[in-house]
Amino acid sequence: MDDLLAEFVAETREMLAAIEGELVAWEADPADRARLDAIFRFVHTVKGNCGFFDFPRLEQLSHAAETALAEVRAGRRQPGTHLVNAVLAVIDRIAELVAMIECGETLPVSGDERLIAALEPDSEGECLPDDAREVSGSERRVSSAPGSNRSIRLPVDLLDRLMSGISDMVLARNDLARRLREAGNQPAIDGPFERLSGILNDVREGVTRMRMQRIEHLYNALPRLVRDLSAELGKQVMIDLQGGDVELDREMIEIVRDPLTHILRNAIDHGIETPSQRLAAGKREIGLLTIVARQAGNKILLAISDDGRGLDLDRISAKAVSHGLGTSTQIDALSHDQKLALIFEPGLSTAEQVSGISGRGVGMDVVRANLEKVGGAIRVESEAGQGTLFVLELPLTLSIIAGLTVESGAQRYAIPRSYIEEIARGRSDAIAVEELGDTSFVTFRGRRVPAIALGRVLGAGEAPPLASGVFVFVRLANGDLFALVVDRVLDNEDLVVKPLAPPVMATGVYAGTTLLDDGNPILMLDIPGIAARHQLASTLGARRMEPVEQVRHEDRENDRVILFTDLAGRRRAIRLAAVARIQTIDIASLAHEGGQHRASIEGMILPVAGIDGDLPAHGKLTVLRLSDGMREILFAASAVDDSAELASGLVPLADDPLLEGTALVEGTVTAVIDAHRLFGRLADASGPALGKVCRLPSDDDWAQAFLAPMLRAAGYAIASSEDDTPADVVFALADGSVDPANPARVIRLRTTVEPEHPDDTSIYRYDRAALLAALDRAPGG
Amino acid sequence: MGELYLLVQIGGRRAAIPGARVQSVVEIDQIVPVPLAPRHVAGLAALRSRALTVIDTRAALGLDPALCDTEGRAAVVELDGHGYALLVDRVEDVAQADAVSDRCDATLGPAWDHVALGFVETPVGPAVLADIAALVAGQAPSRSRAA
């Protein structure tokens with residue numbers, strides 16, 4: 001059941017429980033106006049809510065009851081026992097239907113005619129369908145018993161308390177684990193402790209999930225909003241949503257929804273120019289809106305940028321003067337940033353005309369006030385003609401975040417993993433360090449980014465040369481990239497981040513603290529803080545240059561390889577272009593089925609190559625995450641060594657199909673993995689084939705029950721035969737017809753193994769291989 | 001009157017911390033330093049799965065901690081929701097105050113003036129009543145600002 005539906009069921013149930021008492025009271029005194037209103041509100045809400053879903057029966061029932069009750073409220077009809085009974089019967093039926101929806105049963109198409117007829121005024125005197133009420137009443141008792149505890153609503157502060165209790169338990173557990181380790185092997189205690197620890201992990205995960213929601217929930221509605229608004233305003237706008245997997249407190253999602261919508265509206269209405277204006281300004285016709293979510297220590301950063309005309313400082317200043325925020329001399333004396341910040345002052349809307357889209361009296365001042373109320377913040381950057389960037393900071397009072405521990409100057413620090421783009425060793429050929437002025441830059445993969453030693457950030461005197469360290473490339477919420485150079489990269493750990501005391505916080509380089517498993521506190525670095533202190537973050541612009549540069553360097557990357565040692569200890573190389581990143585995964589997240597290892601990672605199941613023998617049951621595994629732009633494959637490695645230039649030609653190998661050949665890399669004979677073959681071989685086992693949409697006959701049970709799950713698992717999106725989504729592939733059953741106007745490829749399925757006549761091109765419906773092959777041949781969307 | 005005070009030695013002088021504010025007295029064995037932090041923030045230490053900010057009270061008074069011996073014990077206090085360990089030379093005793101005076105009649109010198117709330121008369125002698133917030137804030141706020 002999807003979230004919306006679950007919410008609908010939960011809400012309806014809650015309302016049903018709430019009006020239970022009202023119903024009895026109303027039955028006793030049908031003239032009681034307050035009860036009547038409560039019941040009217042209930043059927044009205046049900047009717048409104050089920051409009052989102054396709055429940056014609058619920059809609060008809062609630063509509064009929066609503067009509068009858070409206071008559072009573074308007075005084076046109078007297079509520080008699082007959083009407084009361086009829087309404088109660090309808091409400092019982094609603095409860096019954098909701099219980100069926102919750103259990104995922106299909107609702108019978110009809111059966112409510114008598115109930116609805118009984119609501120009619122002229123049905124007075126007719127016998128009420130007693131049987132209907134009786135039946136529904138008893139059924140309800142049966143079905144609601146298991147159903148009623150499927151979902152409950154809880155006050156958020158209860159979850160807060162639970163969550164903080166669990167976090168403390170995790171820390172206490174870690175402390176205990178350390179003490180047990182120190183005390184040596186004690187089988188009688190270690191076993192139960194392991195179990196306790198495992199249970200605690202599960203509980204922690206559950207509790208965390210209770211409060212968290214992927215920011216995708218917020219993103220889902222945005223493409224539509226942008227589409228509608230831009231169509232209305234005659235603009236062309238594209239929206240790019242990144243970081244949808246960042247999790248945010250449910251409550252926080254609701255809090256940020258309005259500000260985000262408001263900023264988007266403003267950006268489309270005032271920021272992005274019309275296509276002709278854009279062309280005249282030398283920009284692409286289509287405006288680009290980008291939303292990036294990122295976790296930053298105990299904050300979530302949401303950066304919303306557009307490439308429109310930017311904020312008009314002169315007009316803002318003039319408005320500020322006319323609103324009496326200061327004299328024109330005072331306003332003129334403000335810095336660029338201070339002038340920008342004026343838009344958060346009450347009553348300042350820069351639009352010349354108040355349009356229906358933005359400027360409804362809800363200004364940026366309200367947005368800021370709402371964010372500050374929950375401990376968040378908002379800031380703006382803008383450059384005329386370049387665009388505008390809003391950064392929303394949302395607090396995450398208590399969170400468990402994934403971090404990378406690093407070492408610098410014999411001390412450990414944690415970096416939130418959400419920032420980390422890539423890690424590279426300084427001693428590799430791919431890294432070139434240059435000193436420009438007093439700043440160091442590192443050129444990596446054709447991009448030059450500022451680099452700074454963590455030791456220098458932290459005020460250590462004489463730092464070792466940058467090239468001897470490890471470069472951790474971190475990306476800020478606004479898209480800027482810089483390299484933090486550490487002595488060593490240690491481990492990935494889940495960290496329970498606690499706030500730091502004010503004297504420590506005042507340094508501006510730490511975001512929080514956490515206790516490691518060995519019981520020692522570790523400081524988590526405040527990456528944006530460090531960037532700001534050392535002016536490593538530029539303002540707008542830098543990020544917009546990137547795509548062009550990346551394209552330019554693509555062909556060069558083809559001849560670079562990453563060197564690694566596979567699990568069997570052999571030296572291997574793979575082309576850099578195929579490697580998305582290097583990651584460490586839990587061996588526990590691997591499953592071996594059907595001759596193929598798969599790992600669940602970030603909510604996806606990806607095939608894992610490079611595992612021949614047995615793996616230990618626990619621990620971590622380093623994997624190269626390969627991507628061909630559409631699918632991803634993991635390749636197991638025991639160590640990732642370096643990256644290198646593929647200088648010599650390849651000598652093809654005959655015996656191993658997964659090897660492209662051998663080459664001389666840095667003086668050693670190294671086998672190069674054939675990424676093309678690898679993807680070819682694992683393609684059907686790998687993740688989503690992005691974009692392809694299959695249309696299935698929605699009235700066919702077999703298609704829905706058997707075909708749809710198989711297609712979804714293979715990564716295809718499913719469209720029903722009613723909706724208008726353009727499909728790449730249309731499935732037709734042997735007896736079904738297909739709209740000939742649809743240009744998409746049609747795949748016909750038959751129920752018999754053998755074709756009925758020789759020129760029958762249909763596919764036997766359980767011939768999976770033929771099905772997938774036919775799908776693969778379909779043009780992608 | 002009659003309240004309990006924790007008597008400690010800071011830089012060789014006796015000071016009193018209100019007993020009700022002291023959660024415990026602990027041995028600090030391992031301190032994780034915090035680079036860039038003010039001098040009186042000795043670092044972080046773990047206590048029963050909590051991270052405490054260790055304040056070297058001698059440095060908070062502007063003294064050089066290297067010149068004062070310490071037996072490595074600290075009083076754990078809470079201020080504005082954060083836990084601090086106040087590292088002192090020595091923890092002497094817990095004593096009942098015979099009398100408390102909330103003002104100093106004479107200056108105690110630049111080091112002590114900003115942390116002294118008054119005096120406590122105890123059976124073992126008088127002690128300076130130390131202001132926890134001032135110890136945590138460190139020496140003269142204006143100077144740490146400039147850092």
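Within every chain, numbering begins at 1; the chains are lettered A, B, ... in the order of the sequence lines, protein sequences first and strands thereafter.
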Residue, of Val136(B), Ile31(B), Leu44(B), that accumulates the most heavy atom pairs under 4.5 Å with chain A: Leu44(B)
Tell me, side chain or backbone of Val41(B) under 4.5 Å from chain A's heavy atoms, or both, or neither? side chain
Nearest non-hydrogen partners of Leu500(A) and Met505(A), listed with the distance: CB-SD, 3.7 Å
Pro35(B) and Thr507(A): which non-hydrogen atoms are nearest, and at how many Å? O-CG2, 4.5 Å
Here the pair of heavy atoms bringing Pro65(B) nearest to Arg39(B) is CD-NH1, 3.9 Å
Among Asp80(B), Leu79(B), Leu36(B), single out the residue with the greatest number of heavy-atom pairs under 4.5 Å to chain A. Leu36(B)
Flag the pair Leu404(A) / Ile423(A) as yes when at least one side-chain heavy-atom distance between them is below 4.5 Å, and no otherwise. yes
